[in-house]
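First comes the structure, then the notes that go with it.
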Amino acid sequence: MGDHAVDALLRVGDSCLVLAQRLTAWCGHAPALEEDIALANVALDILGQARGLLTRAGEIEGAGRDEDALAYLRDAPDYRNLLLVEQPNGDYGTTMLRQLLFDAWAVELWPALVFSTDPVVAGIAGKAAKEAAYHVRHSASWVVRLGDGTEESHQRMLAALDMLWPYAGEAFLDDEVDVAAAESGLMPLPSSLLPAYRHRVESVLAEATLPVPPDPWWQRGGRQGSHGEHLTYLLAEMQVVHRAHPDATW
Amino acid sequence: MVTVQDAWDLLADVPDPELPTVSVVDLGIARDVHYDGDRLVVTITPTYSGCPAMREIEHDVKARLAERFADVEVRTVLSPPWTTDWITDAGRAKLAGSGIAPPGARMLPLLVQGRPEMCPHCGSTAVEELAGFGSTACKALWRCTTCREPFDYVKAH
């Protein structure tokens, strides 16, 4: 294992970290108390998964960077998250659709990672697989409820779909890092998860009375470090305290 | 010399920070105790990936064992992943006794979270889910349609 392993782990770990940060912004602002609690719980699970993967990536890298160094001291071009997760929260429907598009990927990825040749990654995955299964139940139920809800909620979900759909495909585009990670047995090839992902997402959209849009040119580049401006603002907020007080302890 | 069993006895008195009616042994969080030379090694495992209580549990375990053991190391392991099947029968009884429904049987597929066997207040089996997430990572919020009381449910996991 080497550089490809670090990159491959950061692609998943950073996606979890950035999404957890996005979800945490709902704390105290969700439309109902139960949803406020739900998103905080989901964010906590996903943050825990991110911590495990970032710690492992730092160990494999061998340059002395721990989870905090990786989370707080990298700039946007060094982040490897999917573009999907850095998209703004928008309204609750947008947040739930983004969550479904993520959860439906996670719920295929983690069970495959249980068979990773890296025992630490396999251990993280064994826990995360159960959590992801619970998360997708929540996000899918909201996409159905809002898509097949009122005229207003339906229109909002159509707008959310229009906005987010181009970001749904990035997780399944293989590059040389993915091929090397798959050959070493660290991770499954991203494209191998696509058929199951499509099936799940299309089933939920059908139940939500939402059309499955045609495949667009999938937005890409986040996994290689090319991000939109949204990520820089998110990181600025997430990192400011740590960078202002780098040696502070509790 | 203090024995491994002495350590287990002490651990049985360390409450879970978020479910203080049960101990870390009742919940299946304390997985293993053994001697490595003169050092006592205790293995603990988190319930959920993001469980915010792990550091406190580690601290509490060390503090309790320090009463009788000079050299204690606490290790955190993720694998095999924690499951509610590891909650002991005594732990389930304590949960129910404090108004928290213990986890039901795990079902396949994993998408199904199971359901409480009965209302922990009145024993009715007429219960329904209010919210899939609750006051801690391991619980959901349910209510009884007989006595109308809401209650926490430790999700089958």
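Below, read A as the first sequence line, B as the second, and so on, with proteins coming before strands; counting in each chain starts at 1.
B:Y48 and B:H157 share a side-chain donor-acceptor pair at under 3.5 Å. Between the side chains of B:E128 and B:T145, no donor-acceptor pair of N or O atoms lies under 3.5 Å. A:W142 and A:E35 are linked by a side-chain donor-acceptor pair at a separation below 3.5 angstrom, with hydrogens and angles left out of the test.
Between A:Y79 atom OH and A:D14 atom CG the span is 5.5 Å, to the nearest 0.5 Å. Taken to the nearest 0.5 Å, the CG atom of A:D68 stands 9.5 Å off from the CG atom of A:L54.
The main-chain N or O of B:V127 is found under 3.5 Å from a side-chain atom of B:R115 such that the two form a donor-acceptor pair.
Your options are B:A131, B:S79, B:P81, and the one with the most heavy-atom pairs under 4.5 Å with chain A is B:P81. When each of A:D45, A:I46, A:L47 is checked for heavy-atom pairs under 4.5 Å with chain B, A:D45 comes out on top. In terms of heavy-atom pairs under 4.5 Å with chain B, the best-connected choice from A:G123, A:G126, A:A38 is A:A38. With respect to chain A, the highest number of heavy-atom pairs below 4.5 Å among B:S49, B:G134, B:G50 belongs to B:S49. Contact count against chain B (heavy-atom pairs under 4.5 Å) is highest for A:K127 among A:Q49, A:H138, A:K127, A:E34.
Residue contact with chain B, scored on non-hydrogen atoms closer than 4.5 Å, involves the backbone and the side chain of A:I124 alike. Proximity to chain A is absent for every atom of B:P80, based on heavy atoms less than 4.5 angstrom apart.
Note: A:H135 and A:F102 fail the aromatic proximity criterion, with ring centroids not under 6.0 Å apart. For an aromatic pair to be called close, the ring centres must be under 6.0 Å apart, and B:W142 with B:Y153 satisfies this.
Using a 4.5 Å cut-off between non-hydrogen atoms, no part of residues 2-30 of chain B approaches chain A.
Evaluation of the side-chain hydrogen bond (donor to acceptor under 3.5 Å, both in side chains) test over residues 117-127 of chain B, restricted to residues two or more places apart or in two chains, returns B:S124-B:T146.
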